[in-house]
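Inspection log for the structure reproduced underneath, given as structure tokens.
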Amino acid sequence: MNTALVAFLYQLADDEWIAGHRQSEWLGLAPDLEEDIAFSSIAQDEVGHANYFYGLLANELQTTADHEAFERPAAERRNAYMLELPNGDWAYTIVRSYFYNMFEQVRLQTLLESKIVALRQGADKMLREERYHTLHMQTWFERLLIVGGVAKAKTVRAICELWPYLDDLFSLGEDESDIIAQGIFTKTPAETYAIWEGIVRPLFIRVGYEWPGNPLQGQSLGRSGHHSKHLDNILSTMVEVSGTDVHATW
Amino acid sequence: MLNRVDDQNHNDEGCKWTETLDEQIVRCLQEIKDPEMPTISLIELGMVHQVHQENGHVEIDLIPTFMGCPALDFIRRDVETKLAKIDGVRTVTVRFIMDIPWTTDRMSEQGLLQLHQFGIAAPPAEFSSATVPHCVYCGSEQTHVVSLFGPTACRAIYYCTHCKQPFEGMKFV
């Protein structure tokens, strides 16, 4: 078993799994019909990507994707902390999704040069799907800031609330040096962040919002297994049905 | 020239043909449709990458359209069930492969035509948020994007201002 690969796969899989779950929670509640459809569709893509990474983990660990997705306690999860926080209002959701999607772009682009063939192949496929997500979140993010009023106020508040958690999003966790040394992921958090800033900062300039500064402090939360009670809530919701009857099929 | 045993022998339960086993398998795959777009077959959709058969053991490599497509399990079951009904087929193994990413240009001409007949416009030739297809109902160019996300991962929603109808189109992937 390759410990560094497994550690990194958990970050990829858990990120997509939790992000997809939170997005799916907008089903029936999004501000308009198109967003209801968009978020359901995006959530479906993200959960599909999670399934791919959990499948790779299952191969590596001789387990099953379902086990990795459903049966691991919160302390073993390696998703970024910000992704498990409740959806909040629409502005909060858009800001988080925008930040995360742009991060995903950089991460997937970097994976195209990974030493691990399955990661290169998966990333190539995912990038083709992700560009729709990116375009969508970018459009909304810009729209909410340009329109002003309550929308802008809520968006600004969400940016301020989420900014400190970006550090953890970019972290590669405890196995960072091995992950990079083995060419599994070829960029340091600082390098990944620099590319991300190069994409996100011009949008801040365009909408006339001041750049909050570099969020990197070299600390990780979720990437080191530190999570909030919100993750426990998500996990118990996910197994609510299977918990009542382990042999149920659907 | 391919000869059918008789018309009764060919129905939804399976495919029976007086062809070589390999030919029967391909013909059977031609009959298996996408559950969400039931006029278009797996072959026309460009999902079938490779079919390998030896002594009745069939291995099929399929390319998923979208990674999270919920129809994949249905497709796998459909392929396994229908191919297993061919005389001479002993085992069927379906693999979803990632070596090659599925792209919309893998769809055949016939596939695009059948897609259109089902009421779904062909995908644009490039990734673009502004490119709109002609209306599938009236052929008008006066259409616009309603949402790049539709009822399935691979479809977008458009609106025709000429015949005042919403319609769907396949996304460029």
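Proteins come first, then strands; the chains are lettered A, B, ... in the order of their sequence lines, and each starts at number 1.
The pair A/D124-A/R120 does not count as a salt bridge, with every side-chain nitrogen at least 4.0 angstrom from each carboxylate oxygen. Using a 4.0 Å cut-off between charged side-chain N and carboxylate O, B/E80 and B/R77 make no salt bridge. Looking at A/R107 and A/D15, a side-chain N of the basic residue comes within less than 4.0 Å of a carboxylate O on the acidic one, giving a salt bridge.
Cation-pi check for A/R96 over A/F99 is not met; the charged atom does not lie both under 6.0 angstrom from the ring centroid and within 45 degrees of its normal.
Looking at B/I157, the atoms closer than 4.5 Å to chain A (heavy atoms on both sides) all sit in the side chain, from C-beta outward. In this structure, chain A has heavy atoms under 4.5 Å from both the backbone and the side chain of B/P70. Of the two parts of B/S128, neither the backbone nor the side chain holds a non-hydrogen atom closer than 4.5 Å to a non-hydrogen atom of chain A. With a 4.5 Å cut-off on non-hydrogen atoms, B/C154 does not touch chain A at all.
With chain B as the partner, the residue from A/L33, A/N51, A/I42 showing the most heavy-atom pairs under 4.5 Å is A/I42. With chain A as partner, the option from B/F96, B/F127, B/F66 having the largest number of non-hydrogen pairs under 4.5 angstrom is B/F127. Counting heavy-atom pairs closer than 4.5 Å to chain B, the top-ranked of the candidates A/K125, A/R128, A/E46 is A/K125. With chain A as the partner, the residue from B/D99, B/T103, B/L72 showing the most heavy-atom pairs under 4.5 Å is B/D99.
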Working for side-chain hydrogen bond (donor to acceptor under 3.5 Å, both in side chains), residues B/E59 and B/T93: CA-CA 5 Å; B/E59 288 174 10; B/T93 312; 5.3 Å; no

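Of the options A/F70, A/F53, A/Y52, A/Y10, a ring pair (Phe, Tyr, Trp, His ring centres under 6.0 Å) to A/W17 is made by A/F70 and by none of the others.
Heavy-atom neighbours of chain B within the stretch residues 134-142 of chain A, taken at a separation under 4.5 angstrom, comprise A/L135, A/H136.
Residues B/Q24 and B/Q53 are not in side-chain contact: their nearest non-hydrogen atoms beyond the backbone lie 4.5 Å or more apart.
Aromatic ring orientation, A/H133 versus A/H49: parallel (interplanar angle below 30°, classes split at 30° and 60°). Between A/F204 and A/Y209, the ring planes lie tilted relative to each other; the angle falls in the 30° to 60° range.
A donor-acceptor contact under 3.5 angstrom links the side chains of A/Y54 and A/D14, judged on distance only.
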